[in-house]
Amino acid sequence: MELRSAECIVRPYRPEDAESLARHGNNRRIWLNLRDRFPHPFSVEDGAAYIAYTLREPVPLSFAIDVGGEAVGGISLHPGEDVERYGAELGYWLGESMWGRGVTTAAVRLVTAYAFAERGLLRVFALPFTRNAASVRVLEKAGYIREGHLRGSAVKDGELLDQYLYAKLGG
């Protein structure tokens, strides 16, 4: 699977992406807006371990964001279960050197369309921290609608944070 736009390619990870992921992902500003499972510092070994994990997934749901032949970020779907099985949470990050170029918005659009057309999902949602204005803009430009404000719903770096709930419906 390879999804293309003018700004980027979304593709499966490759073992050789580990160094690039570490170079772009080892950034506290990125880490502050992600779940704690994203390590900081982010090493080549962390990148290699994550790539190996994604390559074992029976159905690929985690992808590299590629610009110019280099993995500069990542995007993934986390499917729901039981009554929420037709939905998935969207997560993504992009190296700071790529910010402000429309790359993340393009990747979100590509993966969302893939989720609806190829994975048969009916709903994709994201939970950005309310302080993450850039992520909010990405979601809104990609056609996501703000459905809620989750007060005190997360703790990151010892700080109690609010999150927004953004979603897009397919079909």
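Here the structure is a predicted model, which is why all the values come from computation and not from measurement.
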Determine whether [X] and [Y] make a side-chain contact, defined as any pair of heavy atoms from C-beta on separated by less than 4.5 Å.
X: R29; Y: W99; result: yes
X: L77; Y: L90; result: yes
X: M98; Y: I65; result: no
X: P128; Y: L139; result: yes
X: N26; Y: H40; result: yes
X: P79; Y: L121; result: no
X: K141; Y: R109; result: yes

Minimal non-hydrogen separation, [X] against [Y], with atom names:
X: D17; Y: R11; answer: OD2-NH1, 2.8 Å
X: S76; Y: S62; answer: CB-OG, 3.4 Å
X: G102; Y: E7; answer: O-CG, 3.8 Å
X: P41; Y: D46; answer: O-OD2, 3.4 Å
X: Q163; Y: T130; answer: C-CG2, 3.8 Å
X: A142; Y: V108; answer: CB-CG1, 3.6 Å

Working to the nearest 0.5 angstrom, can you tell me the gap between [X] [atom1] and [Y] [atom2]?
X: H149; Y: Y164; atom1: NE2; atom2: OH; result: 5.5 Å
X: L127; Y: L161; atom1: CG; atom2: CG; result: 12.5 Å
X: L150; Y: F129; atom1: CG; atom2: CZ; result: 11.5 Å
X: C8; Y: F63; atom1: SG; atom2: CZ; result: 12.5 Å
X: K156; Y: L34; atom1: NZ; atom2: CG; result: 6.5 Å

* **Qualifying residue, where the test is side chain to side chain contact (heavy atoms under 4.5 Å, CB included) with Y166 and the options are V138, V124, V136** => V136
* Parallel, tilted or perpendicular: which fits the ring planes of F42 and W93, with parallel below 30° and perpendicular above 60°? -> tilted
* Carboxylate-amine/guanidinium contact E159 R131, below 4.0 Å -> yes
Neighbour count >12 (heavy atoms, 6.0 Å) for atom [atom1], [X]:
X: E19; atom1: CD; value: no
X: E81; atom1: CD; value: no
X: E96; atom1: CD; value: yes

* Pair L21-Y13, side-chain contact (heavy atoms from CB on, under 4.5 Å): steps then yes or no -> CA-CA 10 Å; L21 290 180; Y13 284 105; 3.6 Å; yes
* Passes side-chain contact (heavy atoms from CB on, under 4.5 Å), R123 versus Y86? Steps please. -> CA-CA 7 Å; R123 174 184 168 84; Y86 288 101; over 6 Å; no
* For E70 and H24, run side-chain contact (heavy atoms from CB on, under 4.5 Å): C-alpha distance rounded to whole Å, both residues' side-chain angles, the deciding distance at 0.1 Å, then the answer. => CA-CA 10 Å; E70 182 179 17; H24 290 281; 3.2 Å; yes
